[in-house]
2 protein chains.
Amino acid sequence: MTRSSGIDVAVSTAILTLRRTDRGVVLSLPLVRRTREPFADRWALPGGWLTATEAPVGAAARTLAETTGLAPSYLEQLYAFGAVDRSPSRVVSIVYWALLRSDQVDAQSAEYRRTGLAPENVRWFDADDLPPLAFDHAQIIEYALWRLRNKVGYSRVAQGFLPEEFTLAELREAVETILGRRLDPANFRRQVESSGTLIATDEFRTGNHRPARLYRSSPDAELADRGPLSSEEMSIR
Amino acid sequence: MTRSSGIDVAVSTAILTLRRTDRGVVLSLPLVRRTREPFADRWALPGGWLTATEAPVGAAARTLAETTGLAPSYLEQLYAFGAVDRSPSRVVSIVYWALLRSDQVDAQSAEYRRTGLAPENVRWFDADDLPPLAFDHAQIIEYALWRLRNKVGYSRVAQGFLPEEFTLAELREAVETILGRRLDPANFRRQVESSGTLIATDEFRTGNHRPARLYRSSPDAELADRGPLSSEEMSIR
DNA sequence: TCAAAAGTGTTCAGTATACACCCATGT
DNA sequence: ACATGGGTGTATACTGAACACTTTTGA
């Protein structure tokens, strides 16, 4: 029986989060330094070979956890890349994209600094300042960012970056960072309030100015509508 | 080196077109009767194993041509399905979805009838009246239809079903069939005219009533915006 | 002349946008 | 008190939906 022998299947994930830097909040993602050929010493998306007993989405979740020590707030398949010449050997990569909550990333980083147990060969990069990448991973990241910017317009994926409770200004800052442009605070407030995806709490974030009400994501709804695929993605087996 | 050995890669395509039947225009797709286990004698999406020298999109275009004798007016990757238990052996299917022009399908069918050279084991089914399918192909088709219905709202994929020249009523009928609901002719006209994706010709379709102006798709624009992926999909090598 | 589809005009509601303005807090 | 961000009000423009109306053909 003729099979697709000689083709290997890999799973990689573009793991996105927002990080507060000296240049404000920026989109960032963790990359892994390759230790082997091809592209030894180059940075690449976290991932690995798909094993015989693991679903692709499970492999994505696993490598994500291995790389970051965290669980994603959102995980969706991006695309299957399979051009013949994208790797010296024949590799089809099923690529996922994921969102991490900023606070969890920060907490994890602090923990790593405290314990000195940070993973080797993993580093966070700003999405707009990437090093030379292995394979076609630069184009893959470009597509992942396009998908994120697209989806932020008609879904609530931006909430995947934020902690349990957040102010509308924080949510707006997340969206502004993703889109790369400023939004009118008044209109943003009304739009997101009327969307019904937020639950107002009785708490307020007290800071330098008038306290801002804290909101939380409504728990019943998905961050994005994935149609009939919801069940598939859900079952990480 | 540990590879994903034991995993085979297949490429399948949900090939969609509109066909005029006794119950009006309906979404239809060609299925292939399987001749081997597993699921022998069941109907399945056209496809085959990914070969070592072929890009996935090329394999999709090839099997599409082998099944229908036609070239698609639109071809896009749908999803990579890889659940462990979706097949007795471990198979990852990269699934595409494609649109065929109705007139080309009709012409091809007439040709087959004339010459008696219709492909064996291929049959067209109405999308809302499918037989029991092999593997997870029923869910795959459901997802392809969801994607089509979704995309028809913010792109001009519906034009992929129509011939070079068509009336606004024909375009509207296509959209109505996809969405499963009637649209206001007046509003539809204005929306599609203001979108700038159509070019009015000087010809008219003469029929039972007032002649309707013929339009053609503007050639410069894609049927749908696929962002940075346009180049990938284009290169069918 | 009449039925029916092609095509135009108009109204109305909902939504995006711009921006003026008031509110509540820390300094 | 005042600067600053939180939060409300409002005017305007645009868009989608509903529907009345005119035009043009074949029968």
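Any value given below was found using the heavy atoms of this structure, including those in side chains, with hydrogens, waters and symmetry copies removed. In what follows, chains are A, B, ... by sequence order, proteins preceding strands, each numbered from 1.
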Do the ring planes of A:Trp146 and A:Tyr143 sit parallel (below 30°), tilted (30 to 60°) or perpendicular (above 60°)?
parallel
B:Glu193 has an atom CD; how far is it from atom P of C:dG7, in whole Å?
8 Å
Establish whether the base of D:dA18 is bridged to the side chain of B:Asn187 by a donor-acceptor pair shorter than 3.5 Å.
yes
From the options C:dG7, D:dG7, D:dC19, select the nucleotide whose nearest atom is closest to the side chain of A:Phe204.
D:dG7
Using whole Å, what does the distance between atom P of nucleotide D:dG16 and atom CZ of B:Arg182 come to?
20 Å
Sugar-phosphate, base or nothing in reach of B:Arg213, heavy atoms under 4.0 Å:
sugar-phosphate
Kindly say whether, by distance alone, the side chain of A:Arg205 makes a donor-acceptor pair under 3.5 Å with the base of D:dG5?
no
Just call it for A:Arg172: base, sugar-phosphate, or nothing, with non-hydrogen atoms closer than 4.0 Å on any strand.
sugar-phosphate
Rounded distance in Å - CZ (A:Phe188) to C1' (D:dT8)
17 Å
Rounded off to whole Å, could you give me the CZ-to-P distance for the B:Phe166 and C:dA6 pair?
14 Å
Rounded distance in Å - CG (B:Leu198) to P (C:dG7)
12 Å
Tell me, which pairs form a salt bridge (charged side-chain N to carboxylate O under 4.0 Å, His left out) where one or both residues lie in residues 61-73 of chain B, sequence neighbours left out?
B:Glu54-B:Arg62, B:Arg62-B:Glu66
Could you state the atom-to-atom distance from CG of B:Leu214 to P of C:dA6 in whole Å?
12 Å
Specify the residue among B:Gln191 and B:Asp184 whose closest nucleotide of DNA chain D lies further upstream toward the 5′ end.
B:Gln191
Can you tell me the distance, in whole Å, between the CD atom of B:Glu170 and the P atom of C:dA5?
14 Å
Rounded to the Å, how far apart are A:Arg189 CZ and C:dA16 C1'?
17 Å
Between B:Glu203 and B:Arg213, is there a salt bridge with N-O shorter than 4.0 Å?
no
5′-ward residue of the pair A:Arg190/B:Ala212 relative to DNA chain C:
B:Ala212
Which letter, B, S or -, goes with each nucleotide of nucleotides 20-27 of chain C from 5' to 3', with contact meaning a protein heavy atom under 4.0 Å?
---BBBS-
Test of understanding: with side chain to side chain contact (heavy atoms under 4.5 Å, CB included), list the residues that count as partners of A:Ala224, not counting sequence neighbours.
A:Tyr74, A:Lys151, A:Ser155, A:Val157
